[in-house]
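First comes the structure, then the notes that go with it.
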Amino acid sequence: MPVISIEQLSPDLALKPLYVIHGEEDLLRVEALDTLRAAAKQQGYLNREVYTADNSFDWNELLQSAGSMGLFADLKLLEIHIPNGKPGKNGGDALQSLAENLLEDTVIIVMLPKLERAQTQAKWFGALAAYGVVLEAKAVSGAALPQWIRGRLNALNLNIEPDALALFAERVEGNLLAAKQEIDKLALLHPAGHLVNMADAEAAVANVARFDVFQLAGAWMSGDGLRVARLLEGLEAEGEEPVLLLWAVAEDIRTLIRLTAALKQGQSIQAVRNSLRLWGDKQTLAPMAVKRISISRLLAALQDCARIDRIIKGAEDGNAWAEFKHLVTGLAL
């Protein structure tokens, strides 16, 4: 069955026998689960069984319970939560069996976290995807966040001015749950049809932005110097140590160096995508970066990474954070 957008879910949908929810955005995963629960209740699936598959979970017990459901007339909702996304061999076999032997009176929801590439290519996930509806809770990027916020406000009969929207997005970036809470707060504070202005946003929306190394990579690779500066300030304010950040930036620089060499040899982006791990946004960001940053600058930046690493380890004098900010800001120019 096809992958569909979580945003397309509603309690009025015609339920399918199997749903798979996964992805990195916790809020969207929980909302999808709540929507499916509401749809199941509305359509008569009043009996709900919930299983959490930890390391000691008995998959045979689940299979026996699922098999016994078909013996009774009641419509049932079966939830299988796998917090680590790794069911193991027994779990994988059980999930594959469930997917291939769906029951008419049972709706199954398999709840998973963000999955790695190896997990999405496993036989058990392939079976779930083949027989069920896959709902992926993708992270809302910084570029997509304003439109997401506007859509949520519109759903609550509120609108927002462009400058207020920019402030809103800046204050909640990287923290979608907080964004939802602030949207709900605005809906409580203002009547339907209200146009949220800058004063409303400044008064109501807390500064709860969260920053991470992946956002930073996207910013410097795309050459967004102002965003790089803001992310670096946020990361430092949050107490982030430069060790992991430096490692990630150095790895990305090495990737760009290898990509530059591959392109000079006449290879295509598609040909080297997997070997260089150009997945997600990096598939478009990395080619942009190598067009903008010369190989000599990349090699010099890699040497700077080594010097900052020595500062972090105490082998050389200097301020690691200051040097790191200078390095990444330079890469964005």
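Computed over heavy atoms, backbone and side chain alike; hydrogens, waters and symmetry mates excluded. Everything quoted here is computed from the prediction, not taken from an experiment.
- Open room surrounds CZ on Arg277; 12 or fewer heavy atoms of other groups in view lie less than 6.0 Å from it.
- Tracing side-chain contacts under 4.5 Å through hydrophobic residues (I, L, V, M, F, W, Y), one never reaches Ile80 starting from Val30; they form parts of separate clusters.
- Applying the 6.0 Å contact sphere to CD of Glu316 captures more than 12 heavy atoms from other residues, nucleotides or ligands.
- Surrounding CG of Leu188 are more than 12 heavy atoms belonging to other residues, nucleotides or ligands, all under 6.0 Å away.
- One hydrophobic cluster holds both Val243 and Leu246 under the rule that ILVMFWY side chains link at heavy-atom gaps under 4.5 Å.
- Heavy atoms of other residues, nucleotides or ligands lying less than 6.0 angstrom from NZ of Lys41 number 12 at most.
- Within 6.0 Å of atom CD in Glu104, 12 or fewer heavy atoms from other residues, nucleotides or ligands are found, so the atom counts as exposed in its surroundings.
- For Lys325, the NZ atom counts as densely surrounded, since its 6.0 Å shell holds more than 12 non-hydrogen atoms of other residues, nucleotides or ligands.
- The existence of a salt bridge linking Glu24 and Lys138 is excluded, since no basic side-chain nitrogen approaches an acidic carboxylate oxygen closer than 4.0 Å.
- At a cut-off of 3.5 Å, with distance as the only test, a side-chain donor of Asp54 or Ser56 sits close to an acceptor on the other residue.
- Checked by atom type, the side-chain pair His194/Asp200 shows a donor-acceptor distance below 3.5 Å.
- The minimum heavy-atom distance linking Gly85 with Trp124 is given by the pair O-CZ2, 3.7 Å.
- Side-chain atoms of Gln43 and Tyr45 include no donor-acceptor pair closer than 3.5 Å.
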Please evaluate residues Arg254 and Glu251 with respect to the criterion salt bridge (Lys or Arg N to Asp or Glu O under 4.0 Å), reporting the C-alpha separation (whole Å), side-chain torsions for both, the decisive distance (0.1 Å), and the verdict.
CA-CA 5 Å; Arg254 293 188 184 96; Glu251 283 296 297; 2.9 Å; yes
